[in-house]
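Structure first, then comments.
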Amino acid sequence: MRVLVTGGAGFIGSHIVTPLASGGHEPVVLDLRPTDAEGSPQDVRDGAVVERALRGVDAVCHQAAMVGLGQDFADAPAYVDHNGLGTAVLLAAMARVGVPRLVLAGSMVVYGEGRYDCPRHGTVAPGPRAVSDLEAGRFEPGCPYCGAELAPGLVAEEAPCDPRNVYATTKLAQEHLAAAWARATGGRAVSLRYHNVYGPGMPRDTPYAGVASFFRSALARGEAPRVFEDGRQRRDFVHVRDVAAANRVALEAVGDHAPGALRAYNTGSGVPHTVGEMAEALAAAHGGPAPVVTGEFRLGDVRHITADSARLRAELGWRPAVSFDEGMTEFAGAALAGPALADASIVGAA
């Protein structure tokens with residue numbers, strides 16, 4: 001199968017190319033970052049460039065995106081431009097050329113906060129986090145009905161979407177665009193909702209890289225990782241090679257899915273860890289200074305979000321192969337890539 005990988009020179013995209021090639025497929029890379037000395041940037045927002053790249057292609061693996069929480073709301077036009085317009089241009093070109101299969105780099109950020117259970121009211125959705133609570137060090141959301149302490153759990157694909165920042169909103173918009181494309185063309189689409197992806201080749205600290213990159217970059221400078229809030233935020237850290245393997249199995253299976261629809265799959269390890277635990281494991285493996293818990297916060301962050309990846313395991317047979325301890329040990333000594341481009345060529349973990 002000939003597969004166009006948008007963002008294929010970025011962090012996750014470059015890891016996807018390897019299992020595709022070793023599995024007998026022919027990956028074709030389209031990226032703003034040239035893949036060789038003679039290459040030129042290829043923008044997913046340029047319809048003519050995309051249409052040429054799609055000739056002879058059987059499926060698209062769409063990784064190109066502007067990622068991360070960003071710095072402030074002034075980033076909103078850039079996110080909408082790269083993630084919304086870029087995806088629309090790609091899908092329109094796929095419709096013209098007749099490419100029938102799509103695997104999209106989705107994100108857990110579409111859920112907003114994760115799953116919470118109140119002892120009295122059952123599963124509930126906390127409201128937006130208040131600055132006054134965060135400034136006072138009250139980081140845990142309470143029940144919106146009685147204020148009781150909530151128990152975080154694993155979020156499944158059926159959970160309602162509640163994007164809480166601009167990046168999250170554009171990632172959900174990508175899914176809606178892909179679903180509309182599938183209905184209009186009879187195409188088949190899968191969204192892999194990545195949880196916190198980490199591993200070799202992550203871009204070093206930029207506003208668009210994940211927390212694992214920030215911690216690893218600090219250790220490389222001989223500095224202590226700075227952990228926001230109280231460090232007890234729960235996340236699902238999944239290794240980039242496991243995410244790449246999930247893309248390969250999804251590309252191979254998407255042709256068997258019902259036409260005219262999009263199917264979403266959480267893509268995580270299934271084993272929650274706190275941000276503080278991750279920082280401690282990374283610092284210990286690196287031999288650097290211990291993390292410092294700062295109490296700082298970003299209003300657009302969510303408290304807990306961890307994956308139930310049972311659907312991906314049951315339907316596509318995917319299993320993560322890299323354990324948390326193995327992955328952190330490897331990542332502690334792995335080289336980081338240059339700073340992420342604030343454009344459509346890098347996919348990371350937010």
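Please read these numbers as outputs of a predicted model, since none were measured by experiment.
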Ignoring hydrogens, what is the shortest heavy-atom contact between Asn196 and Arg235? Give both atom names and the distance.
OD1-CD, 3.4 Å

Salt bridge present between Arg263 and Glu157 (N-O < 4.0 angstrom)
no

Salt bridge check, Arg101 against Glu252: does any charged N sit closer than 4.0 Å to a carboxylate O?
no

Okay, side chain of Glu280, backbone of Met278: is any donor-acceptor separation there less than 3.5 Å?
no

Heavy-atom donor-acceptor pair, Asp236 side chain to Gly270 backbone, under 3.5 Å:
yes

Test question: given the 4.5 Å side-chain rule for I, L, V, M, F, W and Y, name all other residues clustered with Leu104, or answer none.
none

Say whether Tyr194 and Asn247, considering side chains only, have a donor N or O and an acceptor N or O under 3.5 Å apart.
yes

Do you know which two heavy atoms are closest between Phe215 and Arg226, and how far apart they sit?
CE2-O, 3.2 Å

So, are Arg241 and Glu330 salt-bridged, with charged N and O less than 4.0 Å apart?
yes

Can you measure from CZ (Arg221) to CZ (Arg204) and round to the nearest 0.5 angstrom?
10.0 Å

Ignoring hydrogens and geometry, is there a side-chain-to-backbone donor-acceptor pair from Arg188 to His257 under 3.5 Å?
yes

Are Leu336 and Phe11 connected into the same hydrophobic cluster when the rule is that any two of I, L, V, M, F, W, Y join if their side-chain heavy atoms are below 4.5 Å apart?
yes

Check: Asn266 side chain, Asp308 main-chain N or O, donor-acceptor pair, under 3.5 Å
yes

Can a donor-acceptor pair be found, under 3.5 Å and without considering hydrogens, that links the side chain of Tyr116 to the backbone of His304?
yes

Is the count of non-hydrogen atoms from other residues, nucleotides or ligands lying under 6.0 Å from Arg2 atom CZ greater than 12?
yes

If only atom types and distance count, is the side chain of His239 paired as donor or acceptor with the main-chain N or O of Ser269 below 3.5 Å?
no

Would you kindly confirm whether Tyr79 and Phe73 end up in one hydrophobic cluster when ILVMFWY residues are joined by side chain heavy atoms under 4.5 Å apart?
yes

So Phe237 and Tyr198, would you call those rings parallel, tilted or perpendicular, with 30° and 60° as cut-offs?
perpendicular

Looking at every non-hydrogen atom in both residues, tell me the closest pair between Pro144 and Ala125 and how far apart they are.
CG-O, 3.6 Å

The reported gap from NE2 in His62 to CG in Leu91 (rounded to nearest 0.5 angstrom) is 7.0 Å

Would one find more than 12 heavy atoms of other residues, nucleotides or ligands at under 6.0 Å from atom CZ of Arg120?
no

If you take all heavy atoms of Ala76 and Val166, which pair is closest and at what distance?
CA-CG1, 3.7 Å

Let me confirm one number: the OG-CZ distance from Ser309 to Arg319, rounded to the nearest 0.5 Å.
10.5 Å

Does the salt bridge (charged side-chain N to carboxylate O under 4.0 Å, His left out) test come out yes or no for Glu229 and Arg298, once each step is laid out?
CA-CA 9 Å; Glu229 300 185 21; Arg298 299 189 304 176; over 6 Å; no

As an exercise, state the distance from CG of Leu30 to CG of Leu90, rounded to the nearest 0.5 Å.
8.5 Å

Using a 3.5 Å distance criterion without hydrogens, assess whether the side chain of Arg96 forms a donor-acceptor pair with backbone atoms of Glu51.
no

Is there a donor-acceptor contact under 3.5 Å from the side chain of Glu326 to the main chain of Ser323?
yes

The test is side chain to side chain donor-acceptor pair (under 3.5 Å); show your working for Thr123 and Arg115 and say whether it passes.
CA-CA 7 Å; Thr123 301; Arg115 176 192 172 106; 3.2 Å; yes

Nearest-0.5 Å distance, CG of residue Asn83 to CD of residue Gln174:
5.0 Å

Taking all non-hydrogen atoms of both residues, which atom of Ala290 and which atom of Ala224 are closest, and how far apart?
O-CB, 3.1 Å

Hey, quick one: are Val57 and Val49 part of the same hydrophobic cluster, counting side-chain heavy atoms closer than 4.5 Å, chains of contacts allowed?
yes

For Val44 against Val89, the heavy-atom pair lying closest together
O-CG1, 3.4 Å

Does one hydrophobic cluster hold both Ile305 and Leu150, with members joined at side-chain heavy-atom distances below 4.5 Å?
no

Could you work out, with ring pair (Phe, Tyr, Trp, His ring centres under 6.0 Å) as the rule, every residue matching Phe297, not counting sequence neighbours?
none

List the steps and the verdict of salt bridge (charged side-chain N to carboxylate O under 4.0 Å, His left out) for Arg303 and Asp230.
CA-CA 10 Å; Arg303 179 59 175 174; Asp230 58 3; 2.9 Å; yes

Carefully, step by step, assess His273 and Arg234 under the rule side chain to side chain contact (heavy atoms under 4.5 Å, CB included).
CA-CA 6 Å; His273 290 275; Arg234 287 160 54 98; over 6 Å; no

Side chain to side chain, His15 and Ile12, heavy atoms closer than 4.5 Å:
no

Looking at OG1 of Thr306 and CG of Leu154, how far apart are the two atoms once the value is rounded to the nearest 0.5 Å?
4.5 Å

Would you check if the side chain of Thr294 reaches a backbone N or O of Val227 as a donor-acceptor pair within less than 3.5 Å?
yes

Evaluate whether atom CD of Glu149 has more than 12 neighbouring non-hydrogen atoms of other residues, nucleotides or ligands under 6.0 angstrom away.
no

Looking at Arg138, is its backbone amide N or carbonyl O close enough to the side chain of Asp133 to form a donor-acceptor pair, meaning the two atoms are under 3.5 Å apart?
no

Treat each ILVMFWY residue as a node, draw an edge where side-chain heavy atoms are under 4.5 Å apart, and state whether Leu219 and Val211 are in one component.
yes

